[in-house]
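Okay, structure first, notes after.
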4 protein chains.
Amino acid sequence: MLDAAVAVFSAVGFHNASMDEIAARAGISKPMVYAYLGSKEELFIACLHREGTRLMEAIVSAVVPPLAGPVPAEPESALPPDEQLWRGLRAFFTFVGDHRDGWSVLYRQARGQEPFTAEVAAMRARMVDVVSGLLARVIAAGGRQPRPADVVAMAYALVGAGESLADWVVDHVEEAAEVTATRLMNFVWLGAGELLHGATWRPSSPG
Amino acid sequence: MLDAAVAVFSAVGFHNASMDEIAARAGISKPMVYAYLGSKEELFIACLHREGTRLMEAIVSAVVPPLAGPVPAEPESALPPDEQLWRGLRAFFTFVGDHRDGWSVLYRQARGQEPFTAEVAAMRARMVDVVSGLLARVIAAGGRQPRPADVVAMAYALVGAGESLADWVVDHVEEAAEVTATRLMNFVWLGAGELLHGATWRPSSPG
Amino acid sequence: MLDAAVAVFSAVGFHNASMDEIAARAGISKPMVYAYLGSKEELFIACLHREGTRLMEAIVSAVVPPLAGPVPAEPESALPPDEQLWRGLRAFFTFVGDHRDGWSVLYRQARGQEPFTAEVAAMRARMVDVVSGLLARVIAAGGRQPRPADVVAMAYALVGAGESLADWVVDHVEEAAEVTATRLMNFVWLGAGELLHGATWRPSSPG
Amino acid sequence: MLDAAVAVFSAVGFHNASMDEIAARAGISKPMVYAYLGSKEELFIACLHREGTRLMEAIVSAVVPPLAGPVPAEPESALPPDEQLWRGLRAFFTFVGDHRDGWSVLYRQARGQEPFTAEVAAMRARMVDVVSGLLARVIAAGGRQPRPADVVAMAYALVGAGESLADWVVDHVEEAAEVTATRLMNFVWLGAGELLHGATWRPSSPG
DNA sequence: TATGAATGAGAGTTCATTCAT
DNA sequence: TATGAATGAACTCTCATTCAT
């Protein structure tokens, strides 16, 4: 049933989607939709949740792959931090490429639309948390102790850059997720690499 | 009148906004809104245009400031490319901070909502063009010849990072535009600085 | 439900009729009207169709009455052509008298009102066809071979005369359908009677 | 100004015509239209009046042509009654053919549309009066004394037949007014001719 | 439990009509 | 006097939501 809702919402948007069409697409009757999911808003939020959770799971399981054997003491130390970051990005671009009618469209819809902004912000915050953790480890691996606010800001920038590149790929270029992930790594990582050596750019004039 | 429309659209979104409310907020009657701006869609697009144009003007005039004296031979060479980029970012964050109920919300709305996606995409493309030009000059100043596609990808990433940081600032932190711009410069420029020395990050394992 | 629509349309006309009023008159809610009959235009056309069909059925079944016994070899030869014509006229006036709020008013409305003129023209053409057939048989019974165009013109004139007398009866006089039908027969039949003897009136001067 | 109104009303109908368009077509401003003619309804009625009057004048002046010399004692006796009738019909068909965008369309519109039905009925009654007078003279010339009601009924039938043939000519056939007038005379006159000899058709069975 | 049928509430849009100039 | 500018009032149509079965 959520599949039907996601398909319809993605195709025509929240407001243009009618519950009739969603029910028809799901092969059930409208009162059933209400019985199971409540209102139209709740239905949309449920879609958002499910797709967002799937994205998060895809990223996290890419960064920390499920292990077949016994759980090791330090599972995440198996990969160097930059490698983890790249895998996370690759998983992100892969997911978006595979679900462009699902997640990315839904996400773009809900982004600026009350009463969903809070929901989207919360999901985005979870994403930023994950990225912050990765970045913090990366920088910590370089022996530096950045202020948390700086790390969060970097995470926001990185997430935004990823979303923007995802749109670029979806709308214009058909490019393998690996290539796009490497692109972003090249752009961001080398900056982070410099940063962790303590370099800082600053404006040369008061403007 | 556009002010009222921007205020209402920003507050409740395109679909939830009623022409009655917009007219009331503008202090005129509904038929006047239709007489001046046409349909609801045209009204929204007019808002989009005005805010987008203002943003572009703010950025461009920050990068290439109007000169009081006689026009110099090479006006744009007056500032080094990195300085120009920083000024553009500062102007962007300043504008978004000053127009948070206007531009950023409107933009987030229209981003994923037909029939406005094309309009937004066009404005975003103009922005990416400007940023691409700046980045190309930056890299050219380092003596390298990047492929255009790579520059465009970097521009997309940078624009996305900027949008995301703008949201972060708008929603969570109250931080001076200078600080945010420097933040992003630190993150991006050092990466670009490395890149222009030919460094490249690549994944260490096939994953 | 069509009854309510016919009543309202007849009373105030297509454009002055509001769907609210029709729904209220029908004792149902407006969305039901839309669910069953579609748009206002479709609703009006449905009224037109129903009333027109009823009229045609009334006339045809009067001219060729349903037979109780076994179907005879030449059922339509059972009555002489003039008798058939008179019965058709009587059925017409009877119907109009019984449905004055339905058919005649509706018909007068739709006659000159786009986009219904085509619909009315089609129904009128069917009526003219029937009358043409009767007239042709009448004249053929007299042994003459009129040109088809002349027969059609006569049919148009007869139909128009019938409509006009119907209005007269409806608006001014309360007269039995038999009387009105005989009136029109007297006027028309004797003319046709002369014509079938080859007589022709022609202007005596060029004017 | 009435010309503009007639043109617009004829083209799109009363309800679809906007006062804006009429004012624009007339080359004046809307408040002027209201100043001169009052409301939209009054404007339409004025159109109806003018065109109706013109038609009546055309018919009457055809039946009783303006005389150059001194007024004779019995001007209408100059022409035999049947000739007068034919001239009236010819004038009618000529007028309708020449003003098909004016009178006939306006007339068809107003026929069934409140609040114009009364107006149309009045004009039609005047027409019927004229025709009744002609018919009465025709029959009186034959030495018979028909009941007035019978004459009026005949007039109604004749007027209706004329309208119907007018529509037929306007919509389908392009035929000279003389031909159509003769057609109708052939059909009607011979009937009247028989009638004035006292012949009467009557149904042979009670039905 | 599952649904066909029904609706209340509200949206965008238009236009005849009128002031203030 | 003539008009540009303004509006009140409706109308068609839609849809999320709920009963009665």
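Below, read A as the first sequence line, B as the second, and so on, with proteins coming before strands; counting in each chain starts at 1.
- Residues passing the side chain to side chain donor-acceptor pair (under 3.5 Å) test with D:Asn16, sequence neighbours excluded: none.
- C:Thr53 places a side-chain N or O within donor-acceptor distance of the main-chain N or O of C:His49, the cut-off being under 3.5 Å.
- Residue whose closest nucleotide on DNA chain F sits further toward the 5' end, between C:Ser18 and A:Ser18: C:Ser18.
- Residue B:Glu21 contributes atom CD, which lies 9 Å from atom P of E:dA11 at whole-angstrom precision.
- The CD1 atom of C:Ile28 sits 13 Å away from the P atom of E:dA5 (whole-angstrom rounding).
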Using nucleotides 17-20 of chain F, report all nitrogen or oxygen pairs with the protein that are shorter than 3.5 Å.
residue: F:dT17; atom: OP2; partner: A:Tyr34; partner atom: OH; Å: 3.1
residue: F:dT17; atom: OP2; partner: A:Lys40; partner atom: N; Å: 3.0
residue: F:dT17; atom: O4; partner: A:Lys30; partner atom: NZ; Å: 2.6

Exercise. Using Watson-Crick and G-U wobble pairs whose two distances are both under 3.5 Å, how do you write the pairing of DNA chain E as dot-bracket, with | for links to another strand?
Worked result: .||||||||||||||||||||
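- Look at CG on C:Leu37: it is 12 Å from P on F:dC13, rounded to the nearest Å.
- Considering NE2 of D:His15 and CD of D:Gln109, their distance stands at 10.5 Å, rounded to 0.5 Å.
- For C:Ser39, the side chain to side chain donor-acceptor pair (under 3.5 Å) partners two or more places apart in sequence, or in a different chain, are C:Glu42.
- No hydrogens or angles considered: nothing links the side chains of A:Thr117 and B:Arg108 as a donor-acceptor pair under 3.5 Å.
- If you measure from atom CZ of D:Phe14 to atom P of E:dC15, you get 13 Å, rounded to the nearest angstrom.
- Residue D:Asn16 contributes atom CG, which lies 12 Å from atom C1' of E:dT14 at whole-angstrom precision.
- Residues passing the ring-ring contact (aromatic ring centres under 6.0 Å, His included) test with A:Phe9, sequence neighbours excluded: A:Phe14, A:Phe44.
- Checked against C:Ile22 for a side chain to side chain contact (heavy atoms under 4.5 Å, CB included), the options C:Leu2, C:Val8, C:Leu37 give a single hit: C:Val8.
- Nucleic acid contact for C:Ala23: none, since no nucleic acid atom lies under 4.0 Å from a heavy atom of the residue.
- One atom, CE of C:Met32, and another, P of F:dC13, lie 15 Å apart when rounded to the nearest Å.
- In this structure, the side-chain contact (heavy atoms from CB on, under 4.5 Å) partners of B:Ala58, at least two apart in sequence or on a different chain, are B:Phe95.
- Summarising the geometry, the separation between CD1 on C:Ile22 and P on F:dC11 is reported as 11 Å, rounded to the nearest angstrom.
- Between B:Tyr36 and F:dA5, a side-chain N or O to OP1/OP2 separation shorter than 4.0 Å is absent.
- Between A:Tyr107 and the options A:Glu51, A:Glu163, A:His99, a side chain to side chain donor-acceptor pair (under 3.5 Å) holds for only A:Glu163.
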